[in-house]
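Quick note on labels: first sequence line is chain A, next is B, and so on, each numbered from 1. All values derive from a computational prediction rather than experimental measurement.
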Amino acid sequence: MQCTLLRSKFFNCIVALNHCFNPFNAVICSAVVNSTQIEITRKLIQRFHASLSSNHHDKQPQLLGFIDNLKDERTLQNLHGRVIKSGSIVDLNVGNYVLSLYAKFKDLGSAQKLFDEMSERNVRTWTVLVSGFARIGLFRVGLDYYARMLGEGVCPNGFTLSSVFKCCSSIGLVHNGKAIHGWILKNGIDLDAVLRNSIIDFYVKSKEFDYANKLFEFTDDVDTVSCNIMISANIQSGDVKSSLALFRRLTTKDVATWNTVISGMMKNGFERTALELLYEMVKEQACFNEFTYTIALTLVSSLSILELGSQLHARLIRLRLCDNEYIRSSLIDVYSKCGLIDKASIVFKQIPPRKQSSNINGEKLMSDTVSLSSMISGYSQNGRFKEALEMFCHMVSEGIGVDKYILTTIVSVCADYGLLSFGEQIHGLVHKIGHKFDIVFCSSLVDMYSKCGCLENALIVFDKTTTRNTILWTAIINGNAFHGFGREAVRLFQLMIDDDDIQPNEVTFVAVLTACSHAGLVDEGRNYFTVMKEKYNINPGIEHFTCMVDLFGRAGYLDEIKNFIYENNLSHISSVWRAFLSSCRLHKNYDLGKWVSEKLLQLEPLDAEPYVLLSNMCATSNRWEESAKVRSLMQKKGVRKHPGQSWIQLNNQVHSFVIGDRSHPQEADIYSYLDNLIGRLKEIGYSTTLEQVTQDVEEEQQEMFLRYHSEKLAVVYGIINTNSVTPIRVMKNLRVCTDCHNFLKFTSQLLGREIIVRDIRRFHYFKNGVCSCGDYW
DNA sequence: TTAGGGTTAG
């Protein structure tokens, strides 16, 4: 019934369309066809157009009106082609109209073609091109047209100049914008509201807030748009208070006012205030637009409020707004940051087949690069490095342009995954394609080189980065801490504060406390913990408390830890007990370890670590029965140990191993070499360290548990596939065990090989039988 | 006039 009604309504529209050019019909027609019969309507419009005789040129503007309403680019192209073919152009107004529609449809390639065909041009013709290119982000091309326009003696109008100001502010041509403003004043050109607001906006975006303020103050007819720009100006200059005050004073708020203030609060770190304002907006029944939804989703993502994100998603599906690129990428981000990467992937896969816009002046414009970037980053945030890398490689092989966001994410994937050679290639690629090395990318590079074992390269990148911030400094401090250079990390921390006058943040203190802990600098660590609270007003978080426990524990101050935990009300924080337990193991304090594991198990009954550490400690003290009891309890509760995994990158491939792994194509060579190597190592003093074997079994059998640990397999794979001077770099997802540590020391001595192992805590450099950690890890 | 993706710890 509904369908018949719709069809009859549709039929009437078409009849009306065929008989007259009443725009009212076009609106009805557009409303119906938007959701149902757009293809048929398009054909009818084309047929209708074809039936027009050449003396119907006066009808062309009306036809263009239909096309405009229907957003029908194909018919526009058809009309354009037909007119060219018939040789009957196009009066200037029709030409300008078609041109503006191309610009509206963001098809600037066709616009340029038509522009070249036009025998007559006026200021509007030029302005469509200037503003069209500004709208799609090709600001330099827009300015080129502006320069050509001036060269041909055409005088710009307010619309042209508005676009020119947008181009100038977008590519940082502050002087040029100021010069044009001077020219306007000198020539007494009328500043209507649109042009005036464009100039204020230009000054705001160029961070010339004084100029913006002056122009705003001298404005008699202050409108909502200029107030919105000033709210944004205050927010950008960090004056949140003034922007909120102006917002509250404004009686006629539009959707942009709300959007500006909500996104401004969010960008300044006041997410909760932003959320309250969003609810206030709903309460006041202000209408959302696509910008509001994007801002709301970004807010949801930064606060990880999955439920609100899902509600917004449902509404966006109902409103058919999910095809908006901003909304889609924000949705992907919401699901990624809330840990639902598969849901993010579903949203990503709903992108229609890749649209590639015309190739303009050698620049390929790709749609939805940001969604791709969000997806890569989502995979990375959710630990799915392989998928992130695959997606990146796919982009490169398809010739899809990568930008600084994607490159930074990929470098950070290389850091987490320990892929030095891949990370180096990205570094080289950025050099080659001439991307600017911004500070975010550099921080990511410093971190990558540190985490891949190349602290020298991290230092080179750090030294070359002249403008430094807290994150860059923290990355290099942390790199030194991770490599065991605690004193150097502390020295850098002092340099950062004293010489560079950069404020440390909470992460910097985690790095410096870790450095103190690994270097045994107990007094310095205590001092920094106090300084953090008293001088920098940073309240210690879980990470800082855990670092302090680790600091005391490594230094053997086990009794002090107990007091520290209770004095600071930390008994509910499992990471603190975990660090305590590790210290008990390190100092072989079985009784205290048992007590600590019980505490930890009360908090984390499903965490494998306390069971494993406790059972290891029992085994070390030959309390096999107790050790077995712990293991059996673990099994009964269904707790599974996180599997140990080691990997090595050779020739652009990652080779992963687990304990006793037989899946590698070279497994026969690996095992035979390893067995032979262990025999040779025993001749120079290596013996199996049994303290980490947790089973009550015969000694020979115990040794077998250790013999094929994943790091041994990965290192042997490296030895047999590289020349004798290449350092072997292996990554491990757990802490390296005592036996493997011994094995690696003896191997480095026997074979004269440099072996670098990154475990979950730090780097170990094995050379000539010695490890850089000093057997303290 | 208002919108999206990237870096340091865990």
Side-chain angles (χ1 to χ4, degrees), chain A residues 162 166 193-194 196-198 200-202 204-205 223-233 235 253-264 266-267 288-299 301-302 324-334 336-337 344 368-378 380-381 402-413 415-416 438-448 450-451 465 469-479 481-482 504-514 541-544 546-547 575 578 760:
Chain A
S162 292
K166 185 177 178 185
V194 174
R196 183 202 60 220
N197 289 338
S198 301
I200 299 178
D201 188 53
F202 158 76
V204 171
K205 294 222 169 77
D223 58 4
T224 307
V225 174
S226 51
C227 288
N228 291 347
I229 297 169
M230 291 317 292
I231 291 172
S232 165
I235 282 167
K253 299 179 179 78
D254 61 12
V255 61
T257 320
W258 287 100
N259 293 344
T260 307
V261 77
I262 294 171
S263 75
M266 184 170 62
K267 283 174 190 158
F288 279 31
N289 65 8
E290 296 180 4
F291 288 69
T292 327
Y293 282 112
T294 308
I295 295 162
L297 287 170
T298 311
L299 187 57
S301 142
S302 68
N324 176 299
E325 288 178 19
Y326 287 84
I327 286 174
R328 181 168 33 232
S329 58
S330 307
L331 271 173
I332 291 171
D333 201 47
V334 166
S336 301
K337 295 230 166 79
D368 264 349
T369 303
V370 181
S371 286
L372 266 166
S373 164
S374 301
M375 207 53 228
I376 291 177
S377 153
S380 157
Q381 284 157 7
V402 289
D403 60 15
K404 60 179 182 176
Y405 295 95
I406 293 172
L407 289 165
T408 307
T409 306
I410 287 299
V411 168
S412 104
V413 169
D416 287 336
D438 74 3
I439 193 158
V440 180
F441 181 73
C442 288
S443 307
S444 191
L445 269 184
V446 167
D447 187 51
M448 184 274 291
S450 301
K451 287 190 179 148
T465 315
N469 66 6
T470 306
I471 294 179
L472 184 76
W473 272 104
T474 304
I476 197 72
I477 292 169
N478 198 44
F482 206 62
N505 66 14
E506 66 284 2
V507 185
T508 323
F509 277 104
V510 173
V512 80
L513 291 175
T514 306
I542 293 174
E543 290 84 3
H544 305 105
T546 309
C547 281
S575 64
R578 209 170 279 132
I760 192 87

Which residues share a side-chain hydrogen bond (donor to acceptor under 3.5 Å, both in side chains) with A/D416, sequence neighbours left out
none

Can you check whether A/I410 reaches A/V402 side chain to side chain, under 4.5 Å on heavy atoms?
no

A/K166 near the nucleic acid: base, sugar-phosphate alone, or nothing, with a heavy-atom cut-off under 4.0 Å?
nothing

Side chain to side chain donor-acceptor pair (under 3.5 Å) between A/S450 and A/D447, intermediate numbers included
CA-CA 5 Å; A/S450 301; A/D447 187 51; 5.5 Å; no

As an exercise, state the distance from CZ of A/F441 to OG1 of A/T465, rounded to the nearest 0.5 Å.
10.5 Å

For a quick test of reading the model, state the closest non-hydrogen atom pair linking A/A344 to A/I332 and the distance between them.
CB-O, 3.6 Å

For every nucleotide of nucleotides 3-10 of chain B, 5' to 3': is a protein heavy atom under 4.0 Å from its base (B), only from its sugar-phosphate (S), or from neither (-)?
BBBBBBBS

